[in-house]
Amino acid sequence: MENDIYIIEQFSQSKYSSNEKNEDGLYIGDYYIAVIDGATSKSDFTFEGKTGGQTARDLIMNKLSTLSGEEDAEHAVKVLQQELYDFSCQHNNIPLSASAVIYSCQRQEIWSIGDCRFSINGHVETNEKRIDKVFSETRAIAVNALLEAGYTEEELFEHDLARELLLPFLKLQHYLENKSSAFGFCVLNGDCKPDLFPFEMIRKTTVPDGAEIILASDGYPRLGNTLLESEQALQRLLSQDPLCYKLYYSTKGLNKGNLSFDDRTFIRFRI
């Protein structure tokens with residue numbers, strides 16, 4: 001690994017009890033370190049036993065391993081997007097989508113594509129999509145309305161009716177991927193031709209020498225300075241607001257029997 005990077009701690013966990021269902025991925029290579037967040041499936045689609053999110057994650061991680069490390073953000077993202085686009089075209093346009101936050105060892109830059117998060121020397125940066133904020137608030141409104149209508153929190157914990165009501169809109173957001181419209185957002189997917197990717201939407205951040213860096217998926221609502229702090233914040237949320245409509249708005253809550261409301265991945269390292 002370049003630049004004598006020291007990995008302090010790392011962790012990845014599915015929202016389910018089985019980590020085989022995890023759609024997150026953690027990549028540690030000679031030239032790049034990355035957290036990949038495969039998009040939660042909105043359908044029952046699978047490819048060779050994997051969801052679209054898992055397939056996208058694996059394609060991205062495998063392609064990262066072939067890069068030279070000299071790539072700038074635009075070049076690297078174009079190569080990754082080409083990989084997903086070609087795979088989708090070769091397999092009947094299967095749905096593939098993933099967010100990523102990538103650290104380039106050689107360029108000493110963090111590249112954020114989608115809604116993963118990172119911190120540099122304790123300063124947390126999020127890349128929340130406007131549409132996610134709107135949909136998360138919409139679901140919180142639905143939960144509050146359903147409670148007023150007579151449903152109990154326990155009933156909604158058993159069956160997330162608010163998520164069900166929101167699902168048609170969540171499926172529609174697919175058409176806003178890699179669009180520069182008011183609610184558009186960039187993401188690595190199988191639909192966008194690489195030359196048409198909105199490269200201006202990639203968030204690029206230069207990292208100072210000697211910095212401590214955290215890369216994480218959005219399964220951590222609050223990113224602490226350590227894995228323990230991040231886990232403690234998550235567990236408090238799951239205990240106090242498992243439906244994710246009071247302390248933290250989300251497009252989904254904790255489903256009964258699951259470990260969390262989303263997959264989560266974390267890596268902390270020093271350069």
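All values below come from the heavy atoms of this structure, side chains included, with hydrogens, waters and symmetry mates left out.
Counting heavy atoms from C-beta on, the side chains of Tyr85 and Lys193 come closer than 4.5 Å. A heavy-atom distance below 4.5 Å is found between the side chains of Phe118 and Thr205. No side-chain heavy atom of Ser230 sits under 4.5 Å from any side-chain heavy atom of Arg264. Contact check for Cys244 versus Leu254: no side-chain heavy atoms found under the 4.5 Å cut-off. Looking at Leu237 and Phe261, their side chains come closer than 4.5 Å, going by heavy atoms from C-beta outward. In this structure, Ile7 and Ile33 have side chains that are in contact, with non-hydrogen atoms separated by less than 4.5 Å. Using a 4.5 Å cut-off on side-chain heavy atoms (C-beta onward), Leu188 and Gln81 make contact. Taking 4.5 Å as the limit, some side-chain heavy atom of Ser260 sits within range of a side-chain heavy atom of Leu238.
Side-chain atoms of Glu125 never come within 3.5 Å of backbone atoms of Arg117 as a donor-acceptor pair (strictly under, hydrogens ignored). Remark: side-chain polar atoms of Ser88 are paired, donor with acceptor, to backbone N or O of Ile94 under 3.5 angstrom. A donor-acceptor pair under 3.5 Å is formed between the side chain of Asn62 and the backbone N or O of Asp58. Between the side chain of Arg139 and the main chain of Tyr249, no donor-acceptor pair closer than 3.5 Å is present. At least one donor-acceptor pair under 3.5 Å links the side chain of Glu229 to the backbone N or O of Asn225. Within the 3.5 Å criterion, the main-chain N or O of Val134 finds a donor-acceptor partner in the side chain of Thr138. Side chain of Glu71 to backbone of Gly69: a donor-acceptor contact under 3.5 angstrom is found. Here the side chain of Arg107 pairs no donor or acceptor atom with the backbone of Ala73 at under 3.5 angstrom. Side-chain N or O atoms of Asn178 include one that pairs as donor or acceptor with a backbone N or O of Val187 at under 3.5 Å. Of the possible polar contacts, one joining the Asn19 side chain to the Ser14 backbone as a donor-acceptor pair under 3.5 Å is found.
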- Query: Between Phe266 and Leu223, is a side-chain contact (heavy atoms from CB on, under 4.5 Å) present by the stated rule, with each step listed?
  - Reply: CA-CA 9 Å; Phe266 179 106; Leu223 204 53; 4.0 Å; yes
- Message: With side-chain contact (heavy atoms from CB on, under 4.5 Å) as the criterion, how do Asp37 and Thr265 come out once you've worked through the C-alpha distance, each side chain's angles and the decisive distance to 0.1 Å?
- Response: CA-CA 8 Å; Asp37 182 358; Thr265 298; over 6 Å; no
- Message: Between Ile5 and Tyr103, is the side-chain contact (heavy atoms from CB on, under 4.5 Å) condition met? List the steps.
- Response: CA-CA 11 Å; Ile5 291 174; Tyr103 175 70; 3.7 Å; yes
- Message: Please determine whether side-chain contact (heavy atoms from CB on, under 4.5 Å) holds for the pair Ile113 and Arg203, giving the CA-CA distance in whole Å, both sets of side-chain angles, and the decisive distance to 0.1 Å.
- Response: CA-CA 7 Å; Ile113 308 102; Arg203 182 171 185 176; over 6 Å; no
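The aromatic rings of Phe197 and Phe199 sit tilted relative to each other, their planes meeting at an angle between 30° and 60°. Ring planes of Phe87 and Phe47: perpendicular class, angle over 60° (limits at 30 and 60°).
Counting all heavy atoms, side chain and backbone alike, Val35 lies closest to Ala216 at CG1-C, 3.9 Å. Between Ser119 and Val124, the shortest heavy-atom distance links the atoms CB-CA, 3.8 Å. Minimum heavy-atom separation, Lys21 to Tyr16: CB-CD1, 3.4 Å. Closest approach of Gly38 to Ala98, counting heavy atoms only: CA-CB, 3.9 Å. Contact detail for Leu84 and Ala56: the closest heavy-atom pair is CD2-CB, 4.1 Å. In plain terms, the two heavy atoms of Asn258 and Lys15 that are nearest each other are CB-O, 3.2 Å.
A salt bridge is defined here as a Lys NZ or Arg NE, NH1 or NH2 lying under 4.0 Å from an Asp or Glu carboxylate O, and Lys133 with Glu137 meets this definition. In this structure, Lys204 does not pair ionically with Asp72, as no charged nitrogen and carboxylate oxygen lie closer than 4.0 Å. Ionic pairing of Glu177 and Lys129 is not present here: no N-O contact between side-chain nitrogen and carboxylate oxygen is shorter than 4.0 angstrom. Ion pairing between a basic and an acidic side chain is recognised when a charged N comes within 4.0 Å of a carboxylate O; Arg236 and Asp241 show no such pairing.
In this structure, the separation between CD on Glu128 and SG on Cys116 is 13.0 Å, given to the nearest 0.5 Å. Rounded to the nearest 0.5 angstrom, Leu64 CG and Leu59 CG are separated by 11.0 Å. Within the model, atoms OG1 of Thr66 and CG of Leu80 stand 8.0 Å from one another, a figure rounded to the nearest 0.5 Å. Taking CG from Leu96 and CD from Glu83, the interatomic distance works out to 10.5 Å, rounded to the nearest 0.5 Å. One distance of note links CG of Asp132 with CG of Asp115; it measures 5.5 Å at 0.5 Å rounding. Interatomic distance, CG of Leu243 versus CG of Asp160, reported as 7.0 Å (0.5 Å rounding).
Judged by distance alone, the side chains of Asp86 and Gln90 never bring a donor and an acceptor atom under 3.5 Å apart. In the model, Glu23 has a side-chain atom that pairs as donor or acceptor with a side-chain atom of Thr51 under 3.5 Å. Side-chain atoms of Glu158 and Asn255 form no donor-acceptor pair, as typed in the model, at a separation below 3.5 Å. Side-chain contact annotation: His159 with Glu164, donor-acceptor N/O pair under 3.5 Å present.
Surrounding CD of Glu200 are more than 12 heavy atoms belonging to other residues, nucleotides or ligands, all under 6.0 Å away. Open room surrounds OH on Tyr151; 12 or fewer heavy atoms of other groups in view lie less than 6.0 Å from it. For Glu20, the CD atom counts as loosely surrounded, since its 6.0 Å shell holds 12 or fewer non-hydrogen atoms of other residues, nucleotides or ligands.
Transitive grouping of hydrophobic side chains (ILVMFWY, heavy atoms separated by less than 4.5 Å) keeps Tyr245 and Leu170 in distinct clusters. Tracing side-chain contacts under 4.5 Å through hydrophobic residues (I, L, V, M, F, W, Y), one never reaches Leu165 starting from Phe169; they form parts of separate clusters. Residues Leu67 and Met61 share a single hydrophobic cluster, defined by chaining ILVMFWY side chains whose heavy atoms lie under 4.5 Å apart. In this structure, Phe157 is a member of the same hydrophobic cluster as Leu247, with clusters built from ILVMFWY side-chain heavy atoms closer than 4.5 Å. A single hydrophobic cluster is not seen to contain both Phe269 and Ile214; linkage of ILVMFWY side chains at heavy-atom distances under 4.5 Å, directly or through other members, places them apart.
For the side-chain hydrogen bond (donor to acceptor under 3.5 Å, both in side chains) test, residues two or more places apart in sequence or in another chain that qualify with Asn127 are Ser112. For Glu153, the salt bridge (Lys or Arg N to Asp or Glu O under 4.0 Å) partners two or more places apart in sequence, or in a different chain, are Lys246.
Among pairs with a residue in residues 206-220, those fulfilling side-chain hydrogen bond (donor to acceptor under 3.5 Å, both in side chains) read Asp24-Ser217, Gln108-Asp209, Glu212-Arg268, Glu212-Arg270, Tyr220-Glu231, at least two apart in sequence or across chains.
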